[in-house]
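Scope of the values below: all heavy atoms of this structure, side chains included, with no hydrogens, waters or symmetry mates. Just so you know, ligand 1 is whichever comes first in the structure, and atom 1 is the first atom listed for that ligand. Just so you know, residue 1 is the first one in the sequence shown, and it goes up from there.
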Amino acid sequence: MAKQKHGNTVLVHLVIFFFCAFSVSARVAPLLQNYGNPIFRSNFHTIYDTSNYGAFQLSNGLAKTPQMGWNSWNFFACNINETVIKETADALVSAGLADLGYVYINIGTVLGQLVPDPKTFPSGIKALADYVHGKGLKLGIYSDAGAFTCQVRPGSIFHETDDANLFASWGIDYLKYDNCFNLGIPPKERYPPMRDALNATGHKIFYSICEWGVDDPALWADKIGNSWRTTGDINDSWASMTTIADLNDKWAAYAGPGGWNDPDMLEVGNGGMTYQEYRSHFSIWALAKAPLLIGCDVRNLTAETFEILTNKEVIAINQDSLGVQGRKVQATGIDGCKQVWAGPLSGNRLVVALWNRCSNVATITASWEAVGLESGIHVSVRDLWQHKVVTGDAVSSFSARVDIHDCQLYIFTPFTVSHSVE
Ligand SMILES: *[C@@H]1O[C@H](CO)[C@@H](O)[C@H](O)[C@H]1NC(C)=O
Ligand SMILES: *[C@@H]1O[C@H](CO)[C@@H](O)[C@H](O)[C@H]1NC(C)=O
Ligand SMILES: *[C@@H]1O[C@H](CO)[C@@H](O)[C@H](O)[C@H]1NC(C)=O
Ligand SMILES: *[C@@H]1O[C@H](CO)[C@@H](O)[C@H](O)[C@H]1NC(C)=O
């Protein structure tokens, strides 16, 4: 059901008017009201198409902002045990990451054959969940919408209710549901039974759909999961990260409170990319309202990794109450390597990223036209990595020199009448 992009403009405006005038829907109105604001160009809603924004259709009350936490897979793969999970819980709290919002601790692989392996999880999952909850955190688990998981352990297909009840009895808060050994049954058929089974437990369990983007889940999964993977697995390389960012970008119009596009977990801190590349990774994931699931060993963070993962201003972009996914709005230079990504934020602000994907230092310019501002509008520009206002009064465009593979991230606050009077 492709949405009409060039459809009947008059009708669209009538609908917008209807929403604004009668506040029919609290979740849609704040965004649409901005379209009528004279600081934004008339094509603002075309640049930031939100035609499927914020459906809330799963109605489990979760994912009002993208999920944040940690997942064991990227660093530990199958080599996990309860000691690692407990020490990670301790580290999230003691390093201050939990206070910044990283609350889900997600076990990223199977625990054993139906019951947790007594060698790796001798105390059982209930005791582990109690430990994690005691720290004010939440515990996530992994299963598969198929006959077997990717590590060839039993999956949950055809016994979703039993498994959901078991997870709920342990006090599990989050389920990542994978796609291996799926018997060729379409994901649209395999994922809803677990949604219903989780719901029937009466426990609020975040439902993370992981069908690798194969059946374009953005088109249907908002009614089924709290997030859906839009791509295959990330790996700890610049090539993988950039490829995945671009693939995920295609579905920006479908994200919103209640259901998010998921371009996979963070590789920040795992060693395969430079500091600048990891800053880009974190900036673009934040701007794109991706889940911020740390994928490194948080018991042993370098100062650089810590600085990136704990940047409060960047996290605030990701967790902004408006919940609109930012996107690539301009690409110039060789192979479009000088990129501007941007998105609307609450309070009539914009987040703007200048992303240098070229193989040399580059000056990148964000024009007001590209980001959807009227050309005469004055803007205060705050740099979220330098933590300071770099110019209090930019008009018509903003430029910066950006290191190789680095990404500068800014908040643009347009002057309103009340601002300029102050
Ligand atoms: C179950 O689904 C109903 C209907 O969508 C919803 O109102 C309720 O909050 C859900 N309960 C849980 C525990 O997810
Ligand atoms: C738990 O797993 C970690 C990481 O793989 C490993 O270093 C540690 O030796 C394991 N501990 C036990 C008790 O198996
Ligand atoms: C990582 O992903 C990139 C881009 O998709 C791919 O070219 C590369 O082969 C992958 N590397 C590994 C080790 O899987
Ligand atoms: C901590 O990380 C560094 C690399 O950043 C590594 O050399 C070291 O072995 C790690 N220590 C532990 C205990 O894992």
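- For the ligand labelled ligand 1, residue Gly61 lies outside the 4.0 Å heavy-atom shell.
- Annotation: atom 5 (O) of ligand 3 to nearest protein heavy atom, Ser240 CA, 4.3 Å.
- By the definition of a contact as any protein heavy atom under 4.0 Å away, atom 14 (O) of ligand 3 is in contact.
- Scanning all protein heavy atoms for the shortest distance to atom 6 (C) of ligand 4 gives Asn300 ND2, 4.1 Å.
- Judged purely by distance below 3.5 Å, without hydrogens or angles, the side chains of Asn226 and Asn60 pair a donor atom with an acceptor atom.
- Looking only at protein heavy atoms, the nearest one to atom 7 (O) of ligand 3 is Ala239 CB, 5.0 Å.
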Verdict with supporting geometry, Ser237 and Ser240, side chain to side chain donor-acceptor pair (under 3.5 Å): CA-CA 5 Å; Ser237 70; Ser240 172; 4.6 Å; no

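- Protein non-hydrogen atoms do reach within 4.0 Å of atom 11 (N) of ligand 4.
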Derivation and outcome, side chain to side chain donor-acceptor pair (under 3.5 Å), residues Glu211 and Tyr191: CA-CA 9 Å; Glu211 58 82 271; Tyr191 283 83; over 6 Å; no

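- On a distance-only criterion, Lys204 and ligand 1 share no N/O pair closer than 3.5 Å.
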Salt bridge (Lys or Arg N to Asp or Glu O under 4.0 Å) between Glu313 and Arg382, intermediate numbers included: CA-CA 10 Å; Glu313 297 195 75; Arg382 183 174 174 82; 2.6 Å; yes

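- At a cut-off of 3.5 Å, with distance as the only test, no side-chain donor of Tyr104 or Asp173 sits close to an acceptor on the other residue.
- Outside the 6.0 Å centre-distance limit, the rings of Trp70 and Phe75 are not counted as a close aromatic pair.
- The Asn60 neighbourhood of ligand 1 comprises atoms 14 (O), with distances under 4.0 Å to a heavy atom of that residue.
- For ligand 1 and His203, the ligand atoms under 4.0 Å from any heavy atom of the residue are 13 (C).
- Nearest protein heavy-atom neighbour of atom 1 (C) of ligand 3: Asn235 ND2, 1.5 Å.
- Considering Leu62, Asn199, Ile205, Asp196 only, the shortest heavy-atom separation from atom 2 (O) of ligand 1 involves Asn199.
- Polar contact check, Thr302 against ligand 4: no nitrogen or oxygen pair lies under 3.5 Å apart.
- Aromatic rings of Tyr278 and Phe282 (six-membered ring for Trp) have centroids beyond the 6.0 Å cut-off, not under it.
- Heavy-atom contacts of Ser59 reach the following atoms of ligand 1: 5 (O), 6 (C), 7 (O), 8 (C), 9 (O), 10 (C) (cutoff under 4.0 Å).
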Test log, rule salt bridge (Lys or Arg N to Asp or Glu O under 4.0 Å), inputs Asp130 and Lys126: CA-CA 6 Å; Asp130 290 346; Lys126 174 81 176 67; 3.0 Å; yes

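- For Asp215 and Arg190, the salt-bridge test fails: no basic side-chain N is under 4.0 Å from an acidic carboxylate O.
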